[in-house]
Amino acid sequence: MAKTKIPAFKNEEYKDYSLTKERKAMENAIANAEKNLAKKYPLVIDGKGVFTEKAVITRNPARPKEVIGYFGHGTIDHAEQALQAASNAFKLWSKVPFEKRANMLLKASKIALRRRYDINAWMVKEVGKNWLEADADTAEAIDFMEFYAREMLRLGGPKPVVQLKGERDMSEYIPLGVGVIIPPWNFPFAILVGMSAAAIVTGNTIVLKPSSDSPMMGQLFVEIMAEAGFPKGVLNFITAPGGEVGDYLVNSPITRFISFTGSKEIGLRVTQNAATHRDGQKWIKRVVAEMGGKDAIIVAKDADLDDAADGIVASAYGFQGQKCSACSRAIIEQSVYKKMVAKITERVNALEIGEPTENKRIGPVVNERSFNKIQEYIEIGRKEGRIVAGGNAVGTEGYYIAPTVVADIAPNARLAQEEIFGPVLALIPVKNFDEAIEVANNTEYGLTGAVYTKSSKNIERAKQDFFVGNLYINRKCTGAMVGAHPFGGFNMSGTDSKAGGQDYLLLFMQAKSIAEKVTAATKKS
């Protein structure tokens with residue numbers, strides 16, 4: 001079969017909500033979502049909806065009394081049924097030609113594009129993203145499907161190898177088996193779709209267990225994939241609270257690989273559990289893990305200070321700082337430190353806080369647990385440094401915390417070392433650029449980082465010595481684009497998965513070498 005020809009990959013452009021047409025479309029989508037609140041949704045196992053008596057309840061973080069939906073309360077029995085369904089489906093799905101799998105994923109991307117405002121609206125309601133953050137999330141999911149479909153077409157089929165005399169030699173990539181996909185709530189559609197699509201287009205079957213804070217995003221993806229025609233059992237959908245069901249899925253001898261995005265603590269637990277051999281297990285399980293970050297932006301004394309301040313504030317407070325790539329440390333050379341503190345503070349104080357459905361810049365954090373944890377870190381910041389902006393909860397309804405800036409933080413302080421995952425920025429003064437690099441590298445993480453400088457010497461030094469998976473020069477440290485910025489970090493930031501890059505699909509496949517002795521009969525074939 002000849003390879004399918006499709007246009008070159010191009011990133012999906014974001015919507016411009018200053019335009020009346022786009023704003024009205026989004027307002028209508030939000031109104032439609034609000035008409036469909038508090039519905040019941042099933043688990044999906046082997047293509048069949050399974051309703052349960054108990055429910056996983058997801059709520060609007062801006063209005064915690066408002067129920068988004070009642071989702072199935074999965075059990076260990078459900079998890080086993082889903083694994084068995086995936087295992088049975090793998091026997092056929094793994095043999096479907098790669099061109100067909102890729103084209104089905106392209107069809108799914110077109111469906112997601114058609115439902116874009118619908119997805120955005122539910123994201124605004126479920127996790128509190130503003131309109132642009134939600135649209136960027138959905139656009140990234142579409143990009144993942146488009147990019148990975150093209151990557152499968154590139155990687156599928158026989159690969160050329162050195163030909164030995166008297167042989168026909170080749171290599172090909174084959175799928176792994178049954179995978180467990182555990183995505184986070186902070187990029188609730190993009191990461192969920194990216195992880196799942198990569199596993200499925202490479203010929204694997206999956207059990208998808210989304211975060212209990214964002215199951216609606218998983219529900220929408222299941223609907224899209226069903227409409228695109230993916231066979232039953234290829235995608236199984238389990239919602240469940242806590243870790244019991246997740247541990248069972250990870251530990252099962254049926255599970256061949258786990259793709260996880262989340263905290264360092266849970267990532268290490270998944271990795272440790274996956275490394276333990278279980279009775280009946282034929283393989284060493286593969287773990288693809290994207291974990292936390294304590295990301296830094298360095299500001300050199302020769303930088304464009306206004307540009308740097310804009311980049312720091314955008315990186316620190318986009319989606320309330322609830323990104324593994326968020327800037328949580330600004331490391332600033334002493335000679336410009338005072339000016340930068342003033343510029344950052346001025347910009348942070350101007351940020352508008354309010355209802356995500358009204359498209360305010362800063363919305364709530366995702367849940368009460370995060371709300372309390374972030375406030376605890378703010379109190380630590382009062383002791384370790386000087387709060388120059390924010391430092392308080394906002395309003396009486398919803399999990400709103402004012403964007404907070406804590407100045408004069410020491411490099412080894414808790415605020416400079418521990419992942420907060422909220423709208424809290426630590427400002428760290430340093431003597432010079434050499435010390436800035438040293439401080440930037442002094443955490444256990446290595447995900448993203450940025451440097452603002454006009455010096456080519458500083459830029460080259462950062463390229464060589466700033467130890468992160470994604471480094472940005474004179475721009476913010478968030479906003480990785482599929483294809484252009486393969487995403488993944490070092491150290492305790494995970495396995496450097498490089499999502500959205502040309503290496504990513506290989507994590508879900510294994511290479512098979514085939515050598516055939518040439519005989520008189522084979523020469524004719």
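Everything numeric here is computed off the predicted structure, so don't read it as measured data.
Other residues, nucleotides and ligands contribute over 12 non-hydrogen atoms within 6.0 Å of the CD atom of Glu223. Heavy atoms from other residues, nucleotides or ligands lying under 6.0 Å from CD of Glu346 number 12 at most. Summarising the local packing, NZ of Lys110 is surrounded by more than 12 heavy atoms from other residues, nucleotides or ligands at distances under 6.0 Å.
Using a 3.5 Å distance cut-off with no hydrogens or angles, the side chains of Gln417 and Asn442 do pair a donor with an acceptor. Ser370 and Asn367 share a side-chain donor-acceptor pair at under 3.5 Å.
Taking the ring axis of Phe260 as reference, the NZ or CZ atom of Lys209 does not stay both within 45° of it and closer than 6.0 Å to the ring centre. A cation-pi contact, defined as under 6.0 Å to the ring centre and within 45° of the axis, links Lys129 to Phe319.
Scanning all heavy atoms of the two residues, the minimum distance from Arg116 to Ala139 falls at NH2-CB, 3.8 Å. A pairwise comparison of heavy atoms in Trp122 and Ile68 identifies CZ3-CG2, 3.7 Å as the closest pair. Annotation for Ser315 and Ile297: closest pair OG-CD1, 3.8 Å, computed over non-hydrogen atoms. The shortest non-hydrogen separation linking Pro188 to Met123 is CG-CG, 3.7 Å. Across all their heavy atoms, Phe371 and Ala393 have their closest contact at CZ-CB, 3.7 Å. The minimum heavy-atom distance between Met340 and Leu305, with the atom names listed, is SD-O, 3.6 Å.
Considering only heavy atoms from C-beta on, Met492 comes within 4.5 Å of Leu268 through its side chain. Counting heavy atoms from C-beta on, the side chains of Cys477 and Ser325 never come closer than 4.5 Å. Proximity of Pro403 to Ile353: side-chain heavy atoms (C-beta onward) are separated by under 4.5 Å at one or more points. Side-chain atoms of Asn11 and Val482, non-hydrogen and from C-beta on, do get closer than 4.5 Å to each other. Proximity of Phe221 to Ile119: side-chain heavy atoms (C-beta onward) are nowhere separated by under 4.5 Å. Taking 4.5 Å as the limit, every side-chain heavy atom of Phe9 sits out of range of all side-chain heavy atoms of Glu151. The side-chain heavy atoms of Tyr41 and Met216, taken from C-beta on, include a pair separated by under 4.5 Å. A heavy-atom distance below 4.5 Å is found between the side chains of Ile401 and Ile378.
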Worksheet entry | Audit row: Leu220, Asp118, side chain to side chain contact (heavy atoms under 4.5 Å, CB included) steps and yes/no | CA-CA 9 Å; Leu220 295 174; Asp118 178 33; 4.2 Å; yes
Worksheet entry | Stepwise salt bridge (Lys or Arg N to Asp or Glu O under 4.0 Å) check, Glu133 with Lys323 | CA-CA 11 Å; Glu133 290 281 354; Lys323 301 179 182 182; 3.1 Å; yes
Discussion item. With salt bridge (Lys or Arg N to Asp or Glu O under 4.0 Å) as the criterion, how do Glu444 and Lys294 come out once you've worked through the C-alpha distance, each side chain's angles and the decisive distance to 0.1 Å?
Written reply: CA-CA 8 Å; Glu444 63 183 348; Lys294 191 64 182 174; over 6 Å; no
Fill in: From CA spacing to verdict: side chain to side chain contact (heavy atoms under 4.5 Å, CB included), Arg329, Thr443
CA-CA 11 Å; Arg329 298 179 296 155; Thr443 76; 3.4 Å; yes
Worksheet entry | Test log, rule side chain to side chain contact (heavy atoms under 4.5 Å, CB included), inputs Val193 and Met217 | CA-CA 9 Å; Val193 169; Met217 296 296 103; over 6 Å; no
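Ion pairing between Glu379 and Arg382 holds under the 4.0 Å rule for side-chain N and carboxylate O. Classification of Lys21 and Asp16 as a salt-bridged pair fails, no side-chain N sitting under 4.0 Å from a carboxylate O. Salt-bridge check for Glu146 with Lys10: failed, with every basic side-chain N at 4.0 Å or more from each acidic carboxylate O. Under a 4.0 Å N-O distance rule, the pair Glu265/Arg269 does not qualify as a salt bridge. For the pair Glu397 and Lys65, the salt-bridge criterion is not met [side-chain N within less than 4.0 Å of a carboxylate O]. The pair Arg414-Glu384 does not count as a salt bridge, with every side-chain nitrogen at least 4.0 angstrom from each carboxylate oxygen. Using a cut-off of 4.0 Å between Lys/Arg side-chain N and Asp/Glu carboxylate O, Lys360 and Glu352 are scored as salt-bridged.
Remark: side-chain polar atoms of Asn236 are not paired, donor with acceptor, to backbone N or O of Leu208 under 3.5 angstrom. When atom types are taken as modelled, the side chain of Tyr452 and the backbone of Lys476 share a donor-acceptor pair closer than 3.5 angstrom. Checked by atom type and distance alone, the side chain of Thr255 never pairs as donor or acceptor with a backbone atom of Asn251 at under 3.5 Å. Panel note: side chain Asn491, backbone Gly446; no donor-acceptor pair is recorded below 3.5 Å. The closest donor-acceptor contact from the side chain of Tyr148 to the backbone of Gly500 lies under 3.5 Å. Judged by distance alone, the side chain of Tyr317 and the main-chain N or O of Thr404 form a donor-acceptor pair under 3.5 Å. Thr52 places a side-chain N or O within donor-acceptor distance of the main-chain N or O of His73, the cut-off being under 3.5 Å. Judged by distance alone, the side chain of Ser493 and the main-chain N or O of Gly292 form a donor-acceptor pair under 3.5 Å. Between the Ser212 side chain and the Ala240 main chain, a donor and an acceptor come within less than 3.5 Å of each other. For the pair Glu419 (side chain) and Phe421 (backbone), a donor-acceptor distance under 3.5 Å is absent.
Atom CE in Met291 sits 10.5 Å away from atom CG in Leu447 (nearest 0.5 Å). Atom CG of Asn28 and atom OH of Tyr117 lie 10.5 Å apart (nearest 0.5 Å).
Remark: His485 pairs with Tyr472 by the ring pair (Phe, Tyr, Trp, His ring centres under 6.0 Å) rule, at least two apart or across chains. In this structure Lys339 satisfies the side-chain hydrogen bond (donor to acceptor under 3.5 Å, both in side chains) test with no other residue, sequence neighbours excluded.
Ring orientation note: the planes of Tyr504 and Phe508 are nearly perpendicular, at an angle over 60° on the 30°/60° scale. The aromatic rings of Phe490 and Phe467 sit tilted, their planes meeting at an angle between 30° and 60°.
Looking at Thr478, Val468, Thr448 one by one, the single match for side-chain contact (heavy atoms from CB on, under 4.5 Å) with Asp295 turns out to be Thr448.
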